[in-house]
Structures are given as structure tokens and as C-alpha cells.
Amino acid sequence: MSANLSSTSKIIDTILVLDFGSQYTQLIARRVRESSVYSEILPWDIDEKKIKSINPKGIILSGGPDSVTESYTPRIPQIIFDLNVPILGICYGMQTLAEQFGGQVISSEFKEFGYSELKVKTDSILFSNLNKTLNVWMSHGDQVQDLPDNFDLLASSTSAPIAAMQHLTKPIYALQFHPEVTHTDDGKTILDNFIFKICKVNSDWKMDDLIDQRIQEIKDKVQNSKVLLGLSGGVDSSVTAALLNKAIGNKLICVFVDNGLLRKGEPIEVMNTFKENMNLNVIKSDSEDIFLRHLEGIENPEQKRKIIGRTFIDVFDAEANKLKEINFLAQGTIYPDVIESSGSESKEARVIKSHHNVGGLPDEMNMELVEPLRDLFKDEVRKLGVELGLPKEMLNRHPFPGPGLGVRILGEVTKEKTTILKEADYIFIEELIRADLYKMVSQAFAVFLPIKSVGVVGDERRYAEVIGLRAVETVDFMTARWAHLPYDFLEHVSNRIVNEIEQVSRVVYDISSKPPATIEWE
Ligand code: XMP
């Protein structure tokens with residue numbers, strides 16, 4: 001039976017993405033979702049019944065790392081053609097289409113990765129409303145050398161003379177380049193042309209439908225069992241918690257570890273949001289003392305990170321052991337966290353070996369994973385959070401590192417330093433919000449420096465702590481530019497910190513970009 005029901009139980013149109021292992025497969029599905037059309041990814045070798053049950057209105061064949069010049073590599077199963085719905089092959093999808101229809105594919109000497117100029121040669125619905133010349137993104141080693149029988153050439157690029165093709169009588173189309181990546185000019189229009197003009201689907205899918213679908217999947221998987229979730233207050237674990245709460249109510253048990261290294265007010269905020277307002281089953285583990293004890297005398301950044309990670313696991317494990325009969329562990333893993341390529345195993349349950357956020361849970365915690373956000377991107381997770389009723393302030397918060405203030409206090413971590421840093425950080429963030437600058441920067445925070453400096457207050461000499469302020473602008477957090485915050489603003493923040501925190505005599509602003517610096521100081 002088709003499971004593609006909207007929130008109003010209407011059967012909705014589906015575009016099936018058949019995965020041949022490309023790093024961009026999830027992006028194809030995401031682009032389709034952006035057009036409010038439901039999209040499902042299945043591995044290329046999934047069984048026939050499953051494909052039929054989805055009853056797709058159109059099929060997109062993804063790219064993949066293999067070469068159709070090798071006989072053992074994946075091919076499009078016959079059922080895909082038997083369904084008689086439009087097909088769009090992308091990269092490997094195009095090559096295997098060409099080969100299966102009698103064309104010739106060769107492994108070219110020059111692998112092509114990057115921009116290429118595409119010239120559209122033949123009018124086609126696929127390229128409607130587009131210029132005749134487009135910059136497209138190529139990523140391939142093989143290419144179609146001879147058109148298969150009954151195919152027309154649609155477009156060429158300098159290095160790929162057959163860069164797009166179309167069947168003469170059937171709605172089968174193929175592209176050598178990747179329309180799903182933003183580098184391709186009008187790639188979204190090409191995909192929209194395929195889904196709306198060729199497959200004629202309705203754009204009748206909403207985030208609500210995804211919520212309903214995920215809830216059903218969670219229910220089917222966990223049945224009556226209890227599920228444990230490590231709640232950090234970050235976006236991903238919060239959205240996972242809200243979703244699971246809708247699905248299984250109080251069978252979800254959240255453990256929130258207050259390690260004393262969180263931002264000022266955060267533990268209360270997290271508990272208020274989830275326990276008081278959302279009525280979630282949250283256990284708060286007050287573990288500041290344990291963390292501070294383990295960190296005593298430790299100055300090396302890597303060692304501090306390891307100790308914090310290990311202590312987190314110990315605390316979480318101890319809380320989990322107090323609870324009985326828990327078979328599932330929920331995680332807020334999102335697509336960028338998924339290291340392995342998407343495909344056949346992406347939704348399969350696996351026994352836990354490691355946890356990307358906390359650095360490895362003990363093997364003896366033999367629980368199955370529930371990861372309902374595993375195929376979503378960060379901005380989609382935020383939208384889901386809004387639909388689930390999470391406060392916007394929580395969803396739009398700057399990222400916060402797992403080891404927390406532990407890596408923002410340079411050198412040994414002590415209770416006194418965490419107290420000072422929390423205050424300074426709070427002032428900085430409060431002022432950014434007031435000045436409407438918070439959303440303009442990607443991440444901002446205060447750092448406790450391991451030096452003292454001389455200051456003067458009234459007639460008194462003050463030999464006291466130095467606070468660093470850091471604010472960066474970035475898209476992907478891999479590279480970042482220091483934020484050019486207004487001098488007046490910085491002056492105001494500096495004055496407040498020095499006046500309101502007795503132990504601080506000086507404030508400095510970090511003007512290093514990444515690289516060569518990193519965003520965090522440790
Ligand atoms: P860096 O300092 O490497 O930080 O430029 C890049 C981004 O990652 C965050 N970060 C972490 N996040 N666990 C996390 O969950 C960590 O151990 C960790 N270290 C850094 C950092 O805040 C920034 O957003």
C-alpha cells in the first residue's frame with residue numbers, strides 16, 4: 001500500500017529518487033521537497049514490490065561512483081521502465097540509461113570536475129524558460145560517446161559532446177551534469193521542468209506531511225518500547241525530542257546533562273521549554289561537580305576535550321542504567337553528520353558503536369538507533385522545529401560546541417572562571433540581540449584568556465582577568481571571516497563587561513579569520 005499520505009490523508013504525488021551512490025543524492029530529494037513535492041530515495045536494487053507500492057509519478061536516477069564500462073556495476077531494474085512514468089537520469093543515471101538503450105559509454109582520460117559551458121541544441125520541455133547557454137557543474141570520469149537508438153541530442157558542452165539527451169517517443173531524459181547543485185545555473189528550473197511539466201505532479205506536500213510520516217515511521221519501529229535521548233538544548237536534539245514526543249509521548253525519556261559548562265541560563269531554559277511547556281519526560285543530571293573534578297589541573301585543550309567527552313558518556317551511561325528496558329537510543333543526527341554515503345543502509349537500524357557528538361558510547365549499551373532527521377539538512381530541521389512548535393529563539397541560536405565553555409576557558413577550567421565567562425558571554429549576546437546584530441553573525445561568544453592585566457578603576461589599580469570576544473560570519477563553519485562589528489557597539493559591550501564584572505579589567509576583540517585560526521580558541 002502506498003504510504004504517501006498527506007496530513008489530510010490524501011494520497012500525494014511522489015518523485016522517486018533511485019540512488020546509485022552519489023554524494024548528491026540527498027540534494028536531489030531536497031530540491032524536489034523545496035518545490036513542495038514529496039520525494040523518496042530508494043537504493044537502485046530495492047525490491048520491485050517496494051517501488052510499486054510508492055507508485056511514483058516520476059523517477060530521477062542519481063549519479064554514482066561506478067563506471068558502466070564495468071559489467072558488474074549497477075543497472076536500472078526493468079520495473080523502472082515497466083512503470084511507464086517519466087525518467088530523468090543524472091550523470092551515472094544518464095550513462096547507464098545510454099548503455100541500457102544501446103549507446104556507448106567510454107571512460108575518458110580526463111575526469112571533469114567543475115564548471116562547464118553547456119549549449120542547448122534542441123528545444124525540449126526540460127530546458128524550457130532557460131537561456132541557450134548555461135554554466136553547469138560537472139563531476140564525472142565516464143561519458144556517453146554514441147547516442148543510444150531513438151535518442152535525440154539536447155545539449156553539448158566542450159568536454160562532453162553528449163551532455164543531455166531525450167528519448168524520441170518516451171518521457172526519458174538524461175543529463176551529464178548535476179542540476180541539483182547550486183553551482184549549476186538554473187538547475188532548480190531544470191528539475192522543476194521535469195517534475196511539473198513532464199511528470200505533471202501537484203505541489204501538495206508540506207512539512208506537516210513529513211512530520212506525520214516520520215511519526216508513523218517512529219511508531220512502527222519502536223512499537224511499545226522506551227526510547228532514550230541525550231538532550232543538549234541544541235537544534236538537532238531538540239527537534240528530535242519534539243518529534244519523538246509527538247510519536248510516543250512519555251515513552252521517550254530525555255536525559256539532559258548539566259555539566260556546568262553551558263551558557264548562562266541555559267539549563268533553566270532547556271528544562272522550561274521541554275519539561276514545563278512541552279511536558280516532555282526529561283531527567284536533569286546535575287553533574288557540574290563531576291565535570292569540574294575531572295578537569296582539575298588539566299590545561300591541554302585536547303586532553304580537556306577527551307575528559308569532557310568521556311565524563312559525558314559516564315554520566316549518560318549511569319542515568320541510562322538507572323532506567324530499565326530501554327532498547328532504543330534516539331539521536332539528532334542530520335544529513336551533514338552522516339559520513340557514509342546515502343543508500344541501502346541509511347534507514348536500517350544499527351547497533352551503536354559510536355556517537356558523533358559525544359565521541360563513543362560504550363558497546364555494552366546495546367541499543368538500536370532512531371535517527372528521524374538523518375536525511376535532512378539543517379535549515380529543513382529548523383523548519384520542522386517551527387512546525388513542531390519549538391520556540392524560534394531556540395531554533396535560531398548560534399551553534400554551541402559539545403565541550404561547551406570547557407574549550408572557551410583557556411587553560412585549567414575552574415568554577416570561578418566559568419562563572420565569570422558565563423556573565424561576559426551573556427552580556428555580549430544580550431547586546432548583540434538588542435542591537436539587532438545577533439542574526440547578522442553566524443556565531444559569537446566570549447573567551448576566558450589565561451592571562452591577567454593591569455587596569456584602573458577609580459583611583460584603584462585592578463590586576464584582573466582578560467576577556468576575548470569572538471564573532472564570525474560563515475556559511476558552512478569550515479571557513480569564516482571575523483565579523484566587522486561596529487566600534488561603538490564593541491565599546492559598549494566592553495564597558496558593560498568591565499563595569500559589571502569586577503574580576504575583569506580588559507576586553508579584546510578577535511580579528512582572526514578561519515583559516516588560519518579556528519572559530520573556537522581551543
Ligand atoms: P572550529 O573551532 O573547528 O569550529 O573552527 C567549527 C564549528 O564547530 C563547533 N565545534 C564543535 N561542535 N563539538 C561540537 O559539537 C565539538 O567538539 C566542537 N568543536 C568546535 C564550533 O563551535 C564551530 O561552530
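Count residues from 1 along the sequence. We count ligands from 1, going down the list as the structure has it; atoms in each ligand are counted the same way.
Nearest heavy atoms, Gly385 versus Val239: CA-CG2, 3.8 Å.
Side-chain contact check for Leu329 versus Phe316: some heavy-atom pair is nearer than 4.5 Å.
Ligand 1 has an N or O atom lying under 3.5 Å from an N or O atom of Arg305, backbone or side chain. Taking any N or O of Phe400, backbone or side chain, none lies under 3.5 Å from an N or O belonging to ligand 1. At a 3.5 angstrom cut-off on N or O pairs, Ile519 counts as close to ligand 1.
Note on residues 381-396: no pairs pass side chain to side chain donor-acceptor pair (under 3.5 Å), not counting sequence neighbours.
Near Phe477, the atoms of ligand 1 lying under 4.0 angstrom from a non-hydrogen atom of the residue are 6 (C), 24 (O). Interface atoms of ligand 1 facing Thr518, defined by a heavy-atom separation under 4.0 Å, are 1 (P), 2 (O), 5 (O). Near Lys514, meaning under 4.0 Å from one of its heavy atoms, ligand 1 places the atoms 1 (P), 3 (O), 5 (O), 6 (C).
Ring orientation note: the planes of Tyr92 and Phe20 are tilted relative to one another, at an angle of 30° to 60°.
Under the 6.0 Å cut-off for aromatic ring centres, His140 and Phe113 do not qualify, their centroids lying 6.0 Å or more apart.
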Residues 417-428 side chain polar contacts: donor-acceptor under 3.5 Å, at least two apart:
| unit_1 | atom_1 | unit_2 | atom_2 | d |
| --- | --- | --- | --- | --- |
| Lys417 | NZ | Glu412 | O | 2.8 |
| Thr418 | OG1 | Lys415 | O | 2.7 |
| Thr419 | OG1 | Lys415 | O | 2.8 |
| Lys422 | NZ | Gly260 | O | 3.1 |
| Glu423 | OE1 | Lys264 | NZ | 3.3 |
| Glu423 | OE2 | Lys264 | NZ | 3.4 |
| Asp425 | OD1 | Ala446 | N | 2.9 |

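Counting heavy atoms only, Glu520 comes closest to atom 2 (O) of ligand 1 of the residues Arg470, Glu520, Glu522. By heavy-atom distance, the residue among Pro403, Ser442, Pro401, Gly404 lying nearest atom 9 (C) of ligand 1 is Pro401.
Annotation: cation-pi pair Arg263/Phe400 present, NZ/CZ under 6.0 Å from the ring centroid and within 45° of its normal.
For the pair His398 and ligand 1, no heavy-atom separation below 4.0 Å is found.
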